Amino acid sequence: LVNETLEMYRPHFERKEFSFEFKPASEKLLISADKEAVAEALNNLVDNAMKYSDELKKIEIATKIHNQFAIVEVTDFGIGIDKKDQKLIFDKFYRVTKGDLAHKAKGSGIGLSIVKNIMDAHKGSVSLTSTPGKGSTFSLHFPQIKH
C-alpha cells in the first residue's frame, strides 16, 4: 500500500520538486485493514507533508514493528507544529492559524480528524512527534495479526 501511494504521488512529487524515500521494515507487516480507508489516511498524511513543507522538500515514509504494532511513519522536514497545537490537531475543523498559515495552506481542518477516526476503527492509533522549524512525523499504529 505504501508503494502504491508513493507511485500515485510520484508525478506530484516531481512537479513540486520533492524528494521522497521509503524505508520498509525488514519483516513483513501483517494487519487486518480496510485498504481504501488506510490509503485515505496515508494520502492525507502525504498531502499534509507536502503542504506544510518549507524549503527542504523531502518526505520519508518508514514501516516498522514495535510492541506488537505495525507502524507506518510519514515524516516531513517542514514547518513543524507548536506544542500547544499538537494535542488539538486531531480535533475536527481545528487548523493552526499561526501567521498567515491558514491562507498559505488551504484545507478544511478535517483531514487529521479523519485519520484519527480511521485508526480508531482499526483499533489502532495515530501519534505525532514534531519540532517547530524542523518538521513532523505522524505515526499510524496498527495491531498486528498473530500468525
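Not measured: the values here are computed from a predicted model.
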Decide yes or no for [X] and [Y]: does some side-chain heavy atom of the first lie under 4.5 Å from some side-chain heavy atom of the second?
X	Y	value
Val46	Leu6	no
Val115	Leu140	yes
Leu112	Phe138	yes

Nearest atoms (heavy-atom pairs only) where [X] meets [Y]:
X	Y	value
Phe13	Met50	CE2-SD, 3.6 Å
Lys123	Pro143	O-CG, 3.2 Å
Phe18	Ala49	CE2-O, 4.4 Å
Val38	Ala33	CG2-CB, 3.7 Å
Ser130	Gly135	OG-O, 3.1 Å
Phe22	Asn3	CD2-OD1, 3.4 Å

[atom1]/[X] to [atom2]/[Y] distance, rounded to the nearest 0.5 angstrom?
X	Y	atom1	atom2	answer
Asp47	Tyr52	CG	OH	10.5 Å
Ile118	Ser113	CD1	OG	10.0 Å
His141	Ser127	NE2	OG	3.0 Å
Leu29	Leu1	CG	CG	11.0 Å
Glu40	Asn117	CD	CG	10.0 Å
Met119	Ile114	CE	CD1	14.5 Å

Which residues share a salt bridge (Lys or Arg N to Asp or Glu O under 4.0 Å) with Lys16, sequence neighbours left out: none

Contacts of Lys23 that satisfy salt bridge (Lys or Arg N to Asp or Glu O under 4.0 Å) - sequence neighbours left out: Glu60

Between the side chain of Asp82 and the main-chain N/O of Asp85, is any donor-acceptor distance below 3.5 Å? no

Start with the C-alpha distance between Glu4 and Lys35, add both sets of side-chain angles, then the distance that settles salt bridge (charged side-chain N to carboxylate O under 4.0 Å, His left out), and finish with yes or no. CA-CA 11 Å; Glu4 288 174 21; Lys35 186 176 180 178; 3.3 Å; yes

Carboxylate-amine/guanidinium contact Asp120 Lys116, below 4.0 Å: yes

Counting heavy atoms not belonging to Glu17, are there more than 12 under 6.0 Å from its CD? no

Under 3.5 Å donor-acceptor pairs involving side-chain atoms of residues 62-81, not counting sequence neighbours:
unit_1 : atom_1 : unit_2 : atom_2 : d
Thr63  : OG1    : Ala25  : N      : 2.8
Lys64  : NZ     : Glu73  : OE2    : 3.0
Thr75  : OG1    : Thr137 : OG1    : 2.8
Asp76  : OD1    : Gly78  : N      : 2.9
Asp76  : OD1    : Ser136 : N      : 3.3

